[in-house]
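Below is one structure, written out as C-alpha cells; the observations come after it.
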Amino acid sequence: MTESIRIAAWNVNSLKVRLPHVKRWLEEQEAAKKPIDALCLQELKMTDDKFPHQELEAAGYISLAAGQKTYNGVAILVRRAALAPIATDLETTFLKPLRNIPGYADEQQRILAATICFKGMQPIRLVSAYFPNGQSPDSEKFIYKLGWLTALHSWLETELKDSARFALLGDFNIAPTDADVHDPKAWEGQNLVSPPEREAFQGLLDLGLYDSFRLFEQAPKTYSWWDYRMMGFRRNAGMRIDHILLSDALKANCLSSIIDKVPRTWEQPSDHAPVIAEIKA
DNA sequence: ATGGCGCAGTCTCTGCGA
C-alpha cells in the first residue's frame, strides 16, 4: 500500500558524466527507505539517442527524455515498483506527454510534461523544467528568459485548469527571496535575483502554486546550487534556485520538502543538489 | 581586479553555465 511518494528534481550538468551519481543516489534513497518515485532531470546535454534508458530501466526506472546536442535537455524518471497496474509500457506510464511549451517555438529543450499514475493515488501531472539562465540583466539571453517566463506562465494557466494535481519541478534559475542567496548585497539586481525574475516567479505562485520548500521550517542558508569556483560549496556560498512548486491539491498533501546536499559532496559532483517533496497518497 | 571550475564540441581553444 502506497502511503506517500517522493518526487524530486536534479540538475545533473551532463547526464553522461553524472549517470553513476544518479544511480547511486536512487539506490541510497531506496536503501534508506526513502525511495524516489519520480525524478525530473535537467541539463542532460545529450541527444535522445544517447539517453541511457536501459541503464535506468535496470535500476528500476522508466524514463522519458527531451534532449538536444550539448545544451539543455530534460527528463522524467519514474520508479516502476511505484506505478499503478495500468502502467504497462511507455505510453501507459507517461500519459499526455508534452515536449516544449505549446505555441512557443524554441529549439532549446527545456520542458517535458507527463501525467503519472502511481499505485493507490490519483494521477499526478509532472513538469520537468529547465528555466533559461539569463546570463545578465543587460543581455539578449535575459530578454529570452523573460519571454520564456511569460510563455510558461500562460501555458501553466491552461495546465492548471486541466490538472488540479500538478507539480512544476526543476532548475528555475531564480532565487525567490534574499533568504535564498548567500550574499544578497553582492547579488542585488543581478541575474537570478533581479526584480523582473522574482516578479515572474511570484507570477507562477499567483497561478495557485506553492513553493514546497517554504511550506516547512528550514535551516537558514539552505541552498541548491554552489559555484564550482572559489570553493563555493565549502564556504556554503550558494543559492536556492531549484524548486518544486505544487498546486493547492498537492500542497494540502505535502508531508515534507528538503534539499539533499549529500550528492554535492561526492567526487565529480553536479554543481546542483537534488530537491525532494514527499506527497501523501 | 571579472579571475577561479567543469562540461561539450569546433577539441590544446571557445561558449556557456549561474
Side-chain angles (χ1 to χ4, degrees), chain A residues 9-22 25 40-52 65-75 106-111 128-149 152 169-201 213 221-243 259 261 263-275:
Chain A
W10 194 2
N11 179 325
V12 290
N13 184 18
S14 169
L15 185 57
K16 183 185 165 193
V17 175
R18 236 65 69 182
L19 180 60
H21 302 67
V22 171
W25 187 62
C40 294
L41 299 177
Q42 294 82 42
E43 281 210 87
L44 307 177
K45 297 189 175 181
M46 58 171 56
T47 48
D48 289 349
D49 57 308
K50 302 274 198 321
F51 191 89
Q68 67 180 93
K69 198 172 160 183
T70 312
Y71 301 117
N72 310 310
V74 287
D106 194 356
E107 298 294 308
Q108 304 186 26
Q109 301 300 308
R110 300 183 173 279
I111 289 286
S128 180
Y130 177 47
F131 288 37
N133 174 287
Q135 196 167 66
S136 84
D138 59 1
S139 69
E140 289 287 327
K141 292 196 174 82
F142 195 81
I143 312 261
Y144 164 71
K145 183 177 194 172
L146 294 184
W148 189 92
L149 286 163
L152 178 74
L169 310 87
D171 176 358
F172 285 53
N173 273 315
I174 302 173
T177 73
D178 282 354
D180 305 306
V181 183
H182 73 280
D183 188 348
K185 254 199 172 144
W187 277 87
E188 191 175 0
Q190 295 200 52
N191 192 45
L192 311 182
V193 308
S194 72
E197 294 167 79
R198 285 182 168 174
E199 282 159 24
F201 185 88
F213 187 80
K221 305 183 190 301
T222 301
Y223 307 123
S224 68
W225 169 84
W226 301 262
D227 203 309
Y228 284 123
R229 300 166 289 186
M230 301 181 295
M231 297 185 291
F233 186 65
R234 261 196 282 173
R235 295 189 297 123
N236 195 31
M239 300 239 213
R240 194 174 69 91
I241 54 176
D242 301 87
H243 309 295
I259 298 170
K261 283 166 70 169
R264 188 64 174 77
T265 68
W266 295 344
E267 284 297 308
Q268 204 179 8
S270 166
D271 44 357
H272 295 253
V275 303

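So that the names make sense, note that chain A is the first sequence line, chain B the second, and so on, each numbered from 1.
For the C1' atoms, the distance linking B/dC16 with B/dA1 amounts to 22 Å, nearest Å. Nucleotides B/dG15 and B/dT10 place their P atoms 14 Å apart, quoted to the nearest Å. Comparing B/dA18 with B/dG4, their C1' atoms are spaced 14 Å from each other, to the whole Å.
A/Y223 comes within contact range of no nucleotide atom at all, as no heavy-atom separation falls under 4.0 Å. As judged by a 4.0 angstrom heavy-atom cut-off over every strand, A/Q190 is placed among residues making no nucleic acid contact. At a threshold of 4.0 angstrom between heavy atoms, the contacts of A/N173 are confined to the sugar-phosphate backbone, with no base atom among them. Using a 4.0 Å heavy-atom cutoff across all strands shown, A/D242 reaches no nucleic acid atom at all.
With rounding to the nearest 0.5 Å, the separation of OG1 in A/T47 from CD in A/Q109 is 11.0 Å.
Inspection of the A/N13 and A/K45 side chains reveals an N or O donor paired with an N or O acceptor under 3.5 Å.
Taking the side chain of A/K45 as heavy atoms from C-beta on, and the options B/dG15, B/dA8, B/dA18, the nearest nucleotide is B/dA8. With distances taken from any side-chain atom of A/N133 to the nucleotides B/dG9, B/dC7, B/dA18, the minimum falls on B/dA18.
One finds a side-chain N or O of A/N11 lying less than 4.0 angstrom from the OP1 or OP2 phosphate oxygen of B/dA18.
Remark: aromatic rings of A/W25 and A/W266 are distant, center separation not under 6.0 Å.
When atom types are taken as modelled, the side chain of A/D48 and the backbone of A/G67 share a donor-acceptor pair closer than 3.5 angstrom.
Each of A/M230 and A/Q135 lies near DNA chain B, and the nucleotide nearest A/M230 is the one positioned closer to the 5' end.
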